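Here the structure is a predicted model, which is why all the values come from computation and not from measurement. Numbers restart at 1 for each chain; the letters A, B, ... are given by sequence-line order, proteins then strands.
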2 protein chains.
Amino acid sequence: MQESESGRRVTLADVAELSGVHTATVSRALNPAARLKVAAETVRRVEAAAHALGYVPNVVARGLRKRASMTVGVVIPDLTNPFFPPVVRGIEDYLQVHGYTALLANTDEDDDAEEALVTSLLERRVDGLIMATGRHGDRPVLRRLQASGVRTVMVNRDASPLPFPLVTGDDALGIAAAVAHLHDLGHRDIVHIAGPLDLSTSLVRADAFTAAVRARRGIRGRVIEASALSVMAGSEIAPFLLADSPPTAVVASNDLLAIGVLRALKAQGRSCPEDLAIVGFNDMPFAEDLQPPLTTVHVPGQAMGTAAARLLLDALAGDAPGAGAVVLPTSLIVRGSTGPVRR
Amino acid sequence: MQESESGRRVTLADVAELSGVHTATVSRALNPAARLKVAAETVRRVEAAAHALGYVPNVVARGLRKRASMTVGVVIPDLTNPFFPPVVRGIEDYLQVHGYTALLANTDEDDDAEEALVTSLLERRVDGLIMATGRHGDRPVLRRLQASGVRTVMVNRDASPLPFPLVTGDDALGIAAAVAHLHDLGHRDIVHIAGPLDLSTSLVRADAFTAAVRARRGIRGRVIEASALSVMAGSEIAPFLLADSPPTAVVASNDLLAIGVLRALKAQGRSCPEDLAIVGFNDMPFAEDLQPPLTTVHVPGQAMGTAAARLLLDALAGDAPGAGAVVLPTSLIVRGSTGPVRR
DNA sequence: TTGAAAGCGTTACCAA
DNA sequence: TTGGTAACGCTTTCAA
């Protein structure tokens with residue numbers, strides 16, 4: 001029998017009354033850990049009563065008492081960026097198995113929004129935070145988090161100089177592979193389209209690009225900074241690529257930027273990879289179905305999410321200070337958007 | 001001055017002590033609604049104290065007292081399905097503006113997982129639920145929700161016979177447009193690849209297909225039911241399409257299925273739209289960048305999310321019983337995957 | 001093995 | 001306008 005639709009929710013007290021014992025006893029009987037210390041017969045009676053009343057424990061009340069909400073805040077820039085859904089799934093799946101729930105928040109790369117969201121999450125007493133909105137520089141939000149003592153893990157983007165544990169992909173490796181691949185195909189004039197350079201990911205990739213180019217003789221490597229990690233930003237960069245001394249290949253800091261370039265290229269009636277070879281980054285879902293199929297660096301988004309969640313929960317459980325960094329491998333996936341340099 | 005890193009969190013009592021008033025007064029001074037009934041001077045003192053201590057209200061405790069968690073459960077099949085991120089964003093954005101937070105849960109179309117997740121959300125005393133996992137049939141989860149009295153809104157998929165309010169796209173309209181488009185192009189033998197027919201969306205689309213075909217003379221229209229709304233399921237269907245009496249065009253129940261067919265087609269060395277015209281459904285992000293660009297029915301996912309959140313919050317605010325259904329318009333987007341019938 | 005009582009951090013009611 | 005008290009639903013110590 002469930003509680004009636006309009007009826008008051010049933011509480012421990014109700015169960016206690018029906019089973020003729022004290023609420024404390026009900027609490028113990030229903031708690032797997034403490035159940036041992038309760039007479040088997042009592043446990044049976046309590047469980048029967050709880051079931052009969054359709055009792056649903058109030059985790060919020062429990063949390064208030066135990067000072068743990070069993071809740072984790074997940075702050076990302078934009079769920080609509082195809083890189084993030086797998087990350088969030090990874091986080092969620094891990095949390096769920098361990099009894100935690102995710103509170104999701106999108107900042108849209110807006111600092112004020114982020115402030116407000118973090119405030120809201122703190123007010124909700126999340127036990128920990130996973131942030132995918134790291135940027136370089138000593139930002140107030142992160143300082144606040146640090147001061148508040150709420151366990152925080154960064155995913156994908158770093159937040160130095162603040163010392164939060166970080167889960168990331170081996171971006172440098174991926175970029176190096178991309179440059180090597182293009183070099184092997186005969187490309188000697190390559191442009192890297194970087195994301196905003198205050199994002200650690202952008203910076204790491206740009207630096208890796210420069211290093212990779214420098215490590216090979218006879219390559220010209222230029223870096224252009226895009227205004228955002230978006231399709232539009234990619235399209236806006238394109239004219240510069242196609243102007244005076246156009247490169248034969250481009251390595252973009254993410255797939256969105258690559259798609260932007262691709263669109264602009266098509267709009268001009270040029271084709272990829274013949275007129276311009278393009279390498280993306282992230283291997284977003286369906287990158288293989290694009291026109292042309294996108295050569296890109298695969299980043300294990302879901303695994304990154306899982307790792308971040310694990311790092312956080314470990315820190316929450318033990319009082320381990322939280323590891324420094326977890327770096328997951330990346331790999332270049334060669335598809336149709338790259339080919340031998342023309343002539 | 002923030003509380004120290006390891007220090008106890010600061011509470012109303014701390015603020016009360018520092019400002020020399022009772023906790024009840026602090027509560028009132030900090031509550032915008034009750035602030036009026038507090039001396040301006042007191043308000044100022046309290047605010048100063050709160051600020052000085054870095055006081056962060058405990059929304060959980062407040063919720064316990066007010067019997068409202070300001071929290072909404074969002075249950076979707078799989079965040080990794082590109083249809084859902086925009087929906088979730090729509091929900092989130094609306095909730096956030098209104099002071100609510102979303103608890104996200106993925107069921108992976110698994111009934112047991114769904115049961116467990118809903119239980120967990122109920123234990124967390126969500127004020128309402130938005131479910132994108134509707135199916136036809138009188139499922140226990142939904143019965144439970146109904147019995148629990150927790151306000152619930154369905155998005156995208158219906159859950160009849162259970163009478164939950166529903167926000168959906170005008171699928172029939174979209175399918176009709178697709179069939180008309182193919183007919184205009186000369187196609188006379190069209191197959192509809194339906195999703196599992198216990199999903200309301202699949203059923204509605206299949207019925208609309210049959211009706212649209214019937215409304216035109218001289219078209220042969222067949223319906224094949226796929227095992228899931230996934231790329232793989234689409235690929236598995238493809239052999240049947242390419243066998244004995246192949247149609248000249250296909251209308252898929254969603255984009256994933258369409259992509260599956262596309263991949264199978266390519267694997268066989270056939271091409272789209274020449275050998276087979278394909279229409280998808282949903283207009284997933286980057287559908288326009290696929291090879292070939294996918295003709296598909298645009299469904300306003302984000303708007304659906306927003307509408308669902310609004311419906312729920314309205315129901316939560318007033319005691320309005322919640323409207324029956326909101327139907328958002330869809331539209332056919334013609335791109336490269338459809339063309340005139342060959343010969 | 002069970003009960004009593006206190007307390008988690010708020011808000012709401014009733015008095016003053 | 002403010003203070004006191006109780007209550008939200010639970011867990012946990014301490015006694016019995």
### Task
Output yes when a side-chain donor or acceptor of A:Arg125 lies under 3.5 Å from a complementary backbone atom of A:Leu122, and no otherwise.
yes
## Note on the structure
One would report the end-axis bend of the helix from C:dT1-D:dA16 to C:dA16-D:dT1, five pairs per end and rounded to 10 degrees, as 40°
### Task
State, to 0.1 Å, how close B:Ala315 and B:Arg151 come at their nearest heavy-atom pair, and which atoms those are.
CB-NE, 3.4 Å
### Task
Find the distance B:Asp14:CG to C:dT10:C1' and express it as a whole number of Å.
13 Å
### Summary
Residues pairing under salt bridge (charged side-chain N to carboxylate O under 4.0 Å, His left out) where one sits in residues 17-36 of chain A, two or more places apart or in two chains, turn out to be A:Arg35-A:Glu47
### Message
Which residues in residues 17-44 of chain A have a heavy atom closer than 4.0 Å to any atom of DNA chain C?
### Response
A:Val21, A:His22, A:Ala24, A:Thr25, A:Arg28, A:Lys37, A:Val38, A:Ala39, A:Thr42
#### Entry: Spacing between A:Leu122 atom CG and C:dG9 atom C1', to the nearest angstrom
16 Å
### Query
Passes side-chain contact (heavy atoms from CB on, under 4.5 Å), B:Leu79 versus A:Phe84? Steps please.
CA-CA 10 Å; B:Leu79 193 55; A:Phe84 292 106; over 6 Å; no
### Query
Does B:Arg45 have any side-chain contact (heavy atoms from CB on, under 4.5 Å) partners at least two apart in sequence or in another chain, and if so, which?
B:Val21, B:Glu41
## Note on the structure
Residues at least two apart in sequence or cross-chain that pass ring pair (Phe, Tyr, Trp, His ring centres under 6.0 Å) with B:His22, listed by chain then number, are none
## Note on the structure
Here the distance between atom P of C:dG9 and atom CG of A:Asn58, to the nearest Å, is 16 Å
### Summary
When rounded to whole Å, the CG to P distance for the pair B:Leu12 and D:dA7 reads 20 Å
### Message
When you measure from the side-chain N and O atoms of B:Arg62 to the phosphate of C:dT11, is any distance below 4.0 Å, counting only OP1 and OP2?
### Response
yes
### Query
Is the shortest side-chain N/O distance from B:Arg67 to OP1 or OP2 of D:dG9 below 4.0 Å?
yes
### Query
Could you give all pairs that pass the side-chain hydrogen bond (donor to acceptor under 3.5 Å, both in side chains) test and reach residues 95-111 of chain B, with sequence neighbours left out?
A:Arg89-B:Asp108, A:Glu92-B:Asn106, A:Arg124-B:Thr101, B:Glu109-B:Arg157, B:Asp111-B:Arg135, B:Asp111-B:Arg139
### Task
Return the minimal non-hydrogen interatomic distance between A:Asn156 and A:Thr168, and the atom names on each side.
O-OG1, 3.2 Å
### Query
To the nearest Å, how far apart are A:Lys66 NZ and D:dC10 C1'?
10 Å
### Message
Checking contacts here: which listed nucleotide (D:dC10, D:dT11, C:dA12) is nearest the side-chain heavy atoms of A:Ala61?
### Response
D:dC10
### Query
Passes side-chain contact (heavy atoms from CB on, under 4.5 Å), A:Leu142 versus A:Thr152? Steps please.
CA-CA 9 Å; A:Leu142 297 176; A:Thr152 302; 5.6 Å; no
### Query
Taking CG from B:Leu64 and P from D:dA7, how many angstroms apart are they, rounded to a whole number?
14 Å
### Query
Quick one: does B:Arg65 reach the base of C:dT11 with a side-chain donor-acceptor pair under 3.5 Å?
yes
